[in-house]
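Inspection log for the structure reproduced underneath, given as structure tokens.
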Amino acid sequence: LVPCGLQRVVVKQVSSPLDVSFTFKEGHGAPLHVGSSGKLLLTMMDDHVLEIILKNLELVRLGPNTITDKKILTKELDMIRKQGYAISFGETQAGTAGGSAPITNYLCPAVLCLLGPEFRFKPADYLDELIKCADRISKKILKISRQKKVRK
């Protein structure tokens, strides 16, 4: 997922093979303050950009646990920034869970996100592997960008 204005947008998604799953289609957008991916994207922005976004972002409720208070959101963003990943439950829709890790070295903030039905999916169980995958992607992006610079 990447930011686009005041929203986060799904760039690529892989669907679960299980009958009961939760996915966002490619191109789907949602407000930046909602879910693990949106909140993590906010923490990846510099303070000046974040301040502008928070001034203009309407904290609409999508799920039962959507944060709609800017002071509470700011505290959560501070915590996410310190821990380096984000987890959410029921922020985009009731019964959903998500976990996100940062992808670095890309031209804009980007995150890798796992999401699914809360009754079966526990983001903390997959957090180490999610972070390792995001790190591998980040290193691959850096390697490719270095190769392009050498060719020029």
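Contacts of Phe121 classified as ring-ring contact (aromatic ring centres under 6.0 Å, His included), with partners at least two apart in sequence or in another chain: Tyr126. For Ser36, the side-chain hydrogen bond (donor to acceptor under 3.5 Å, both in side chains) partners are Ser100, not counting sequence neighbours.
Other residues, nucleotides and ligands place no more than 12 heavy atoms under 6.0 Å from the NZ atom of Lys75. The number of heavy-atom neighbours closer than 6.0 Å to CZ of Phe24, taken from other residues, nucleotides and ligands shown, is above 12.
For residues 39-60, the pairs satisfying side-chain hydrogen bond (donor to acceptor under 3.5 Å, both in side chains) are Lys39-Glu76, Lys39-Glu91, Asp47-Arg81, with sequence neighbours left out. Listed by first then second residue, pairs satisfying salt bridge (charged side-chain N to carboxylate O under 4.0 Å, His left out) with a partner in residues 92-120 number zero, not counting sequence neighbours. Applying the salt bridge (charged side-chain N to carboxylate O under 4.0 Å, His left out) rule to pairs touching residues 99-110 yields nothing, sequence neighbours excluded. Contacts classified as side-chain hydrogen bond (donor to acceptor under 3.5 Å, both in side chains) and involving residues 133-142 (residues at least two apart or in different chains) are given here: Thr104-Ser138, Asp135-Lys139.
Panel note: side chain Lys70, backbone Leu59; no donor-acceptor pair is recorded below 3.5 Å.
Across all their heavy atoms, Ile72 and Ile67 have their closest contact at CG2-CG2, 3.9 Å. The heavy-atom pair separating Leu1 from Cys113 by the smallest distance is CD1-CB, 3.6 Å. Listed here is the closest heavy atom pair of Met45 and Ile53: SD-CD1, 3.1 Å. Here the shortest heavy-atom pairing between Thr66 and His33 reads CG2-NE2, 3.6 Å. Heavy atoms only, all atoms of each residue included: Val60 and Pro31 are closest at CG2-CG, 4.0 Å. Contact between Cys133 and Leu112 at its shortest, heavy atoms only, is CB-CD2, 3.7 Å.
Of the inter-residue distances, the one linking Gln13 atom CD with Lys25 atom NZ reads 8.0 Å to the nearest 0.5 angstrom. Residue Leu130 holds its CG atom at 11.0 Å from OH of Tyr85, rounded to the nearest 0.5 Å. Between the CG atom in Leu41 and the CD1 atom in Ile80 there is a gap of 10.5 Å [rounded to 0.5 Å].
If you chain together hydrophobic residues whose side chains sit under 4.5 Å apart, Leu107 and Val2 fall into the same group. One hydrophobic cluster holds both Leu54 and Leu6 under the rule that ILVMFWY side chains link at heavy-atom gaps under 4.5 Å. Taking hydrophobic clusters as Ile, Leu, Val, Met, Phe, Trp and Tyr residues chained together by side-chain heavy-atom distances below 4.5 Å, Leu73 shares a cluster with Val49. Neither Leu62 nor Leu40 shares a network with the other; the hydrophobic side chains, linked directly or stepwise wherever heavy atoms of I, L, V, M, F, W or Y lie under 4.5 Å apart, form separate groups for each. Hydrophobic clustering (ILVMFWY, side-chain heavy atoms < 4.5 Å, transitive): Tyr106 and Val11 are in one cluster.
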Exercise for the section: Give the C-alpha distance, both sets of side-chain angles, the deciding distance and a yes or no for side-chain contact (heavy atoms from CB on, under 4.5 Å) between Val111 and Arg8. Expected result: CA-CA 10 Å; Val111 299; Arg8 57 180 169 83; over 6 Å; no

Exercise for the section: List the steps and the verdict of side-chain contact (heavy atoms from CB on, under 4.5 Å) for Leu42 and Leu50. Expected result: CA-CA 6 Å; Leu42 287 172; Leu50 180 58; 3.8 Å; yes

Problem - side-chain contact (heavy atoms from CB on, under 4.5 Å) evaluation trace for Asn105 with Lys143 - result: CA-CA 9 Å; Asn105 305 319; Lys143 182 179 178 182; over 6 Å; no

Problem - Stepwise side-chain contact (heavy atoms from CB on, under 4.5 Å) test for Thr92 and Leu115 - result: CA-CA 11 Å; Thr92 56; Leu115 54 115; over 6 Å; no

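You'll find the side chain of Pro3 reaches within 4.5 Å of the side chain of Leu32, heavy atoms only.
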